[in-house]
Amino acid sequence: MTEPNKKPPYDVPSHQPAAGGIAARARATAAPQYLSALNPEQREAVETLDGPVLVLAGAGTGKTRVLTSRIAHILSMGRARPNEILSVTFTNKAAREMKHRLSEMLGQAVEGMPWLGTFHSIGGRILRFHAELVQLKSNFTVLDVDDQIRLLKQLLQAENIDDKRWPARMLAGLIDGWKNRGLTPSQVPSGEAAVFGNGKGGKLYAAYQERLKILNAADFGDLLLENIRLFREHPDVLRQYQNRFKFILVDEYQDTNVAQYLWLRLLAQAPPSPAAITDSTTTPGLAAPKNICCVGDDDQSIYGWRGAEVDNILRFEHDFPGAKVIRLERNYRSTGHILAAASHLIAHNEGRLGKTLRTEDVDGEKVTVTGSWDSEEEARGIGEEIEQLQRTGNKLNEIAILVRASFQMREFEDRFVTLGMPYRVIGGPRFYERAEVRDALAYLRVINSPADDLAFERIVNVPKRGLGDATLQLLHDIGRKRKIPLMEAARSLVETDELKPKPRSSLREVIANFDRWRAQRDVVPHTELAEIVLDESGYTEMWQKDRSADAAGRLENLKELVRSMEEFENLHGFLEHISLVMDREGGADEDAVSLMTLHSAKGLEFDNVFLPGWEEGLFPHQRALDEQGRAGLEEERRLAHVGITRARKRAKLFFATNRRIHGSWSTTIPSRFLDELPADNVEITESKGGSGWGGAGGYGASRFDNVESFGSSYSTPGWQRAQANRGRGGFDETGGRYDAGGRSSAGSRKTMTIEGELIAKSTGTESDFVLGDRVFHQKFGYGNVAKIDGNKLTIAFEKAGEKKVVDSFVTKA
DNA sequence: CGAACCTTTGAGTTA
DNA sequence: CAAAGGTTCG
């Protein structure tokens with residue numbers, strides 16, 4: 001047992017006055033600077049400190065400013081100390097941003113804001129203080145999706161369930177969904193639990209939770225669910241936190257799921273309310289809700305598929321009686337046309353709380369819609385426009401391409417590489433998801449927690465040591481029979497002669513290695529230990545010997561991993577952090593185009609925003625429609641709204657008539673969202689050969705009728721118009737793809753065509769490079785030629801990873 | 001046991 | 001078209 005009252009190490013000594021310097025400054029002037037910079041609504045949101053407050057903050061209305069100013073206000077009024085404010089966000093990025101802005105506002109006084117973070121990191125922190133109460137140890141591991149799936153596969157096997165018919169992924173999805181709804185195994189409705197594995201779903205969920213405890217592990221959902229369980233089963237612990245948090249602030253409230261809502265509600269109750277701790281999710285009317293302030297925008301709710309309940313925000317006044325609702329409708333970001341386009345689009349949704357964004361900015365440029373023949377041409381066109389913007393003095397940092405699905409990104413990457421255009425992918429394949437990083441982490445996890453079977457299993461035969469399925473099976477059998485971790489099973493197995501000499505000695509070596517490393521853990525600095533481990537395990541060597549193209553990049557990633565460990569005091573601290581926050585930053589200082597999904601763009605803004613792929617089936621995405629019907633469509637529409645409102649000066653939409661889906665080309669039709677844009681604020685740019693899509697008459701009075709009639713059969717007027725236009729517009733099937741109509745814009749297009757042909761034709765000509773040549777590229781630096789295809793080279797760059805480039809862009813080094 | 005080859009299936013968004 | 005899973009052969 002640990003003492004439940006163990007204090008978090010972040011506690012500020014109690015004699016310290018609440019952010020003294022600020023308070024003093026606040027008293028000195030009548031209206032402190034952080035208040036005078038606000039408009040009346042914002043100011044009201046900041047100054048209404050008591051009771052529940054809901055701030056409906058439309059895109060670009062100063063949401064973050066309100067949150068940070070509110071914290072500053074609480075502190076300067078002396079209403080709470082920094083460690084008595086709970087402030088939750090969804091992403092680490094948002095948390096970082098708030099800390100950053102707060103420190104600008106307050107000077108250096110943010111050190112003591114220990115409870116500003118994401119739901120998951122705060123949940124995880126609370127859980128570590130009381131781990132024993134939920135059958136964990138404080139050094140529990142946070143599993144990622146991969147570990148989760150492997151664990152579930154084992155359970156399926158144990159239950160003799162065919163994982164073809166009942167994939168582990170599906171079960172993981174179900175469990176995730178239950179956890180998002182705050183349901184422990186016993187709370188899952190039996191009907192739902194039965195849908196998986198011939199009625200074994202519920203049993204498997206229970207078994208999974210049990211296994212997690214044995215492994216001393218929690219998955220993402222547990223960080224909240226186990227927290228809720230902790231609070232419910234131990235009211236004394238809950239009270240401790242209720243007492244601590246004098247003020248609660250929630251960012252992006254529209255994205256909270258049921259579990260997060262329950263968690264917040266428990267914490268938001270006034271401390272002495274012993275009767276109110278119930279497990280009901282629906283009972284309204286809490287006893288004296290505390291000072292909770294939720295900020296959100298129902299029009300930006302885009303995480304329904306992850307369990308977010310827009311209802312949470314729609315029901316706020318009901319859940320928190322006496323709540324004050326404040327609307328922020330002054331947009332400080334976008335020009336008039338952009339804002340009008342976005343507002344009209346989102347007006348097609350029903351069930352909104354309703355806000356009318358307005359701006360005092362100029363109308364600016366109209367939103368453009370451009371059609372192209374296929375996705376390649378779309379990428380070329382956007383590339384050209386970006387070059388044009390660059391020539392006219394726009395910073396690449398102020399340009400973003402926002403896609404619906406990540407597979408769309410490749411085309412742009414290829415294009416940018418060819419053009420030598422600097423770009424960065426945001427939220428792409430994450431650093432910690434890379435195989436080599438996960439392998440390295442697995443080694444460290446086993447050192448840190450010998451019972452971490454999943455980590456053990458991952459690396460026991462990496463690099464290859466002749467310990468294959470057969471050996472592993474044996475270990476599993478022993479482990480399961482004796483209820484001991486695999487490492488212990490291995491220990492006893494090498495004492496017997498059940499193994500052939502070869503695997504036996506390598507297993508012996510693995511055990512000895514880990515024992516040695518663990519002994520070094522307290523002696524050697526953790527970064528050094530990591531290097532020792534990677535070296536002695538043969539892991540580094542494995543990649544050094546690997547001749548494949550990306551080996552160099554992987555070694556680079558390993559180095560970066562070790563480097564990133566320096567920020568932490570010890571191995572344990574590092575591992576604790578890593579599972580939650582391992583997004584690689586850096587490179588932000590460089591001027592580059594940003595490439596990301598619409599989802600990860602929320603909260604960001606750019607002068608120029610390109611939005612490709614506005615086609616039925618892709619955007620709105622077919623699966624959203626199939627699975628969620630009208631709700632799915634509305635969420636997609638909100639996503640479109642988010643996309644357009646990211647733009648300050650220019651929003652440019654695109655659709656292609658042909659797109660590759662599953663490797664083969666399909667014909668697509670323009671998105672219905674394009675049809676929902678207001679004609680007055682939109683310009684159809686001539687893409688090529690004639691009127692292009694839509695044309696002058698394309699927009700008619702019928703634009704807004706009959707939105708309800710969408711369904712599996714596309715019958716809206718817009719759809720039909722779009723189809724008609726497809727034949728009539730510039731996309732004739734017989735003419736060459738690049739058959740331009742002799743316009744100026746077509747001229748440059750034609751140039752591209754020629755370039756395209758040249759590249760295609762010249763592939764017969766072998767380039768001067770030989771496999772393995774060391775080369776230099778202006779943008780990507782040094783690398784080695786990994787593949788040659790005519791004059792197109794695949795190069796493994798030391799820094800940038802593997803890229804395809806045309807040979808003329810590199811020189812021999 | 002593991003490399004090489006073949007077949008199948010599947011690309012939606014994420015803390 | 002790619003990755004992942006399965007099968008075969010050395």
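Keep in mind that what you see is a predicted model, and the values were worked out from it rather than measured.
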Less than 3.5 Å apart, any donor N or O on the side chain of [X] or [Y] sitting next to an acceptor on the other?
{"X": "Gln622(A)", "Y": "Glu627(A)", "answer": "no"}
{"X": "Tyr423(A)", "Y": "Glu413(A)", "answer": "yes"}
{"X": "Tyr303(A)", "Y": "Asn257(A)", "answer": "no"}

Counting any heavy atom closer than 4.0 Å, what does [X] reach on the DNA or RNA strands: base, sugar-phosphate only, or nothing?
{"X": "His621(A)", "answer": "sugar-phosphate"}
{"X": "Ser664(A)", "answer": "nothing"}
{"X": "Glu636(A)", "answer": "base"}
{"X": "Glu627(A)", "answer": "base"}
{"X": "Phe407(A)", "answer": "base"}
{"X": "Ser506(A)", "answer": "nothing"}
{"X": "Ala624(A)", "answer": "base"}

- Message: Going by centres under 5.5 angstrom and planes under 30 degrees, do the aromatic ring of Trp305(A) and the base ring of dT13(B) stack?
- Response: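 It does: the two rings, one from Trp305(A) and one from dT13(B), meet the stacking criterion.
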
* Want to settle it: does Phe90(A) or Lys464(A) sit nearer the 5' end of DNA chain B, counting the closest nucleotide to each? ->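 Its nucleotide being nearer the 5' end, the pick is Lys464(A).
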
*Residue whose nearest DNA chain B nucleotide is more 5′ - His662(A) or Leu467(A)*: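 Looking at DNA chain B, the more 5' nearest nucleotide goes with Leu467(A).
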
Distance, rounded to the nearest Å, where [X] contributes [atom1] and [N] contributes [atom2]:
{"X": "Leu224(A)", "N": "dT14(B)", "atom1": "CG", "atom2": "C1'", "value": "14 Å"}
{"X": "Asp374(A)", "N": "dC1(C)", "atom1": "CG", "atom2": "P", "value": "15 Å"}
{"X": "Arg410(A)", "N": "dC1(C)", "atom1": "CZ", "atom2": "C1'", "value": "8 Å"}
{"X": "Arg169(A)", "N": "dA11(B)", "atom1": "CZ", "atom2": "C1'", "value": "12 Å"}
{"X": "Asn461(A)", "N": "dA3(B)", "atom1": "CG", "atom2": "C1'", "value": "14 Å"}
{"X": "Met170(A)", "N": "dG10(B)", "atom1": "CE", "atom2": "C1'", "value": "14 Å"}
{"X": "Met409(A)", "N": "dG12(B)", "atom1": "CE", "atom2": "P", "value": "13 Å"}
{"X": "Asp146(A)", "N": "dT14(B)", "atom1": "CG", "atom2": "C1'", "value": "15 Å"}

Checklist line | Partner of Arg465(A) by side chain to side chain contact (heavy atoms under 4.5 Å, CB included), out of Thr471(A), Val510(A), Ile459(A) | finding: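 With Arg465(A) as partner, side chain to side chain contact (heavy atoms under 4.5 Å, CB included) holds for just one option, Val510(A).
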
**Asked** Would you say the ring centroid of Phe407(A) lies under 6.0 angstrom from that of His662(A)?
**Response** no

Ring centroid separation for Tyr261(A) and Trp263(A), is it under 6.0 angstrom? no

Checklist line | P-based separation of dG6(C) from dA11(B) [nearest Å] | finding: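 Pairwise P distance, dA11(B) against dG6(C), rounds to 16 Å.
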
Worksheet entry | Mutual orientation of the aromatic rings belonging to Trp614(A) and Phe673(A) [parallel < 30°, tilted 30-60°, perpendicular > 60°] |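 Judged by the thresholds at 30° and 60°, the geometry between Trp614(A) and Phe673(A) is perpendicular.
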
Item to complete: Please evaluate the base of dT13(B) for a donor-acceptor partner in the side chain of Arg306(A) within a cut-off of under 3.5 Å?
Response: no

Output yes when a side-chain donor or acceptor of Arg508(A) lies under 3.5 Å from a complementary backbone atom of Val494(A), and no otherwise.
yes

With 3.5 Å as the limit, what N/O pairs link the protein to nucleotides 6-10 of chain C?
none

Between [options], which nucleotide gets closest to the side-chain atoms of [X]?
{"X": "His120(A)", "options": "dG12(B), dC1(C), dA15(B)", "value": "dA15(B)"}
{"X": "Ser406(A)", "options": "dT13(B), dA11(B), dC1(C)", "value": "dT13(B)"}
{"X": "Tyr303(A)", "options": "dA3(B), dA15(B), dT14(B)", "value": "dT14(B)"}

With a cut-off of less than 4.0 Å, is there a side-chain N or O of Thr471(A) near OP1 or OP2 of dC1(B)?
yes

- prompt: Are there more than 12 heavy atoms of other residues, nucleotides or ligands under 6.0 Å from atom CG of Asp626(A)?
  reply: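 Result for CG/Asp626(A): enclosed.
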
